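These numbers come from a predicted model, not from an experiment. Proteins get letters first, then strands, A, B, ... in listed order; numbering begins at 1 in each.
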2 protein chains.
Amino acid sequence: MKLLIVEDESKIGDYLRQGLAEAGFVVDLARKGLDGHHLAMTEDYNLLILDVMLPDIDGWEILKSLREADRNVPVLFLTARDNIDDRVKGLELGADDYLVKPFAFAELLARVRTLLRRGAAPAGETTLAIADLELDLMRRRVTRAGQRIQLTAKEFALLELMMRHKGEVLPRSLIASQVWDMNFDSDTNVIDVAIRRLRAKVDENFQPKLIHTLRGMGYMLDLPEEG
Amino acid sequence: MKLLIVEDESKIGDYLRQGLAEAGFVVDLARKGLDGHHLAMTEDYNLLILDVMLPDIDGWEILKSLREADRNVPVLFLTARDNIDDRVKGLELGADDYLVKPFAFAELLARVRTLLRRGAAPAGETTLAIADLELDLMRRRVTRAGQRIQLTAKEFALLELMMRHKGEVLPRSLIASQVWDMNFDSDTNVIDVAIRRLRAKVDENFQPKLIHTLRGMGYMLDLPEEG
DNA sequence: CTGAACCATTACAATTTTGTAATGACCCCG
DNA sequence: CGGGGTCATTACAAAATTGTAATGGTTCAG
């Protein structure tokens, strides 16, 4: 198990390195954000521990860059108390956990173990993807272009259905019965509205558009036609 | 792909058998609920198609019995229009889909294919269990003693955490950070309340009790001590 | 025993999610 | 073009989930 710590405050860095080493991990420590970034991009780590506040690049820049390069290492964020913004940013970009400084070492160790165990499960049939849109069934997570997208239960169910049937036209009746508990007697536009809301989150700020309307037939999730 | 149809109305039964056979499935047809029950218990099917209204046993009795015997065949329910009760009962007992009679054969076929595809994925590390409590991570489904339990997002997250750590004491701080987005500065009793609600759904009508309080330490999910 | 800490339980309030309905845009056929 | 059907969009209402706070019960130390 190989970890990378990116932390500029040398006291904290040393402390963490030593503690984790004693706990049996192989630990690299980068004291500059850029070094950390480089290492993270080139070496294979099981886990990254990232300080948010770094003099050169902040942690979430590193994270963003990693995600864009499709490096799916679990990331544990270290953030200053009360700096909610970083925290939110980090989680949106796909950090897996965070810890507010100062923290007890035991707490860190517990988090690290959890993340490692989780990451160890070698993604089986647990993830669906089309273009840069990914849906992680186990963790109920959706990302597009590496950015975390927060979906409600119904939105998730709808997207899951569409991704399981990508390229197929889904008539409203089918959607109604799979995502809602109804066999489409009723004349409601719940589905239209749900599609709208899903589009707003999943398609609105991205290209290419993935959710398509087939007039008179239903909806379809797919890459747009060529030409 | 071997299917069992349990349907007493001979016209419908024949119609389905023939249609599904032509679609390339191996089909058994039981015209009595009890026969169907027997077959379902002894033979291995990839899918069951169950009529709810049968003269001898109703479909959901069969279903219940199957689930209690831990036979996890996907089940497609045929229910009469407007008989919402059966529908709800069926889904609670773990039916996977239902279809309101009368229905178009194409619709049935689509459902059957969906269920088979889904069931085909040989459950990887996708399910957690303790005693008769089961949690299906992919489908976000929880059952206890074969009965479907409906959990909210937070409840599910909490139970998932506890099941991943069954037998371990979970301090509130840990729960707070994993299930809520907070690092436990605050003095709130959200966790207590959440545990309460989870207990109400998961433990209240069942034995043995699985959620335990460890005074001063936290909560734990486990089988009760012997003696 | 008694009080303090800890937990359970309940009611209620805030928030979020979900569904309904009304309106306007667009497409397509005549 | 004009009108019917289909979908998009928005605002609003209903329902469900989640969090807060107050109260009462238990346990345990002194």
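Taking atom CE of residue A/Met217 and atom P of nucleotide D/dG5, one finds them 18 Å apart after rounding to whole Å. Protein atom CG of B/Leu158 is 11 Å distant from nucleotide atom P of D/dG19, rounded to whole Å. Rounded to whole Å, atom P of D/dG5 lies 15 Å from atom CZ of A/Arg172. The CG atom of A/Leu198 sits 12 Å away from the P atom of D/dA8 (whole-angstrom rounding).
A/Asp203 pairs by the salt bridge (Lys or Arg N to Asp or Glu O under 4.0 Å) definition with A/Arg144, not counting sequence neighbours. Legend: residues meeting salt bridge (Lys or Arg N to Asp or Glu O under 4.0 Å) with B/Arg71, ordered by chain and number and at least two apart, are B/Asp44. Evaluation of the salt bridge (Lys or Arg N to Asp or Glu O under 4.0 Å) rule for A/Arg197 yields no partner, not counting sequence neighbours. Contacts of B/Lys201 classified as side-chain contact (heavy atoms from CB on, under 4.5 Å), with partners at least two apart in sequence or in another chain: B/Ile149, B/Leu151, B/Thr152, B/Glu155. With sequence neighbours left out, the side-chain contact (heavy atoms from CB on, under 4.5 Å) criterion links B/Ala129 to B/Glu134. B/Arg67 is linked by a side-chain contact (heavy atoms from CB on, under 4.5 Å) to B/Leu63, B/Asn72, B/Val75, B/Asp96, counting only residues two or more places apart in sequence or in another chain. Remark: B/Glu204 pairs with B/Arg196, B/Ala200 by the side-chain contact (heavy atoms from CB on, under 4.5 Å) rule, at least two apart or across chains.
Nucleic acid contact for B/Tyr219: sugar-phosphate only, since backbone atoms but no base atoms lie under 4.0 Å from a heavy atom of the residue.
Across every non-hydrogen atom of A/Phe105 and A/Leu20, the tightest pair is CZ-N, 3.6 Å.
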Practice task
For nucleotides 16-29 of chain C, just jot down a letter per nucleotide in 5' to 3' order: B, S or -, based on protein non-hydrogen atoms under 4.0 Å.
Solution key: -SBBBBB----B--
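Contact check of residues 204-214 of chain B against DNA chain C (heavy atom, cut-off under 4.0 Å) returns B/Thr213, B/Leu214.
Taking side-chain N and O atoms only, A/Arg196 has no distance below 4.0 Å to OP1 or OP2 of D/dC7.
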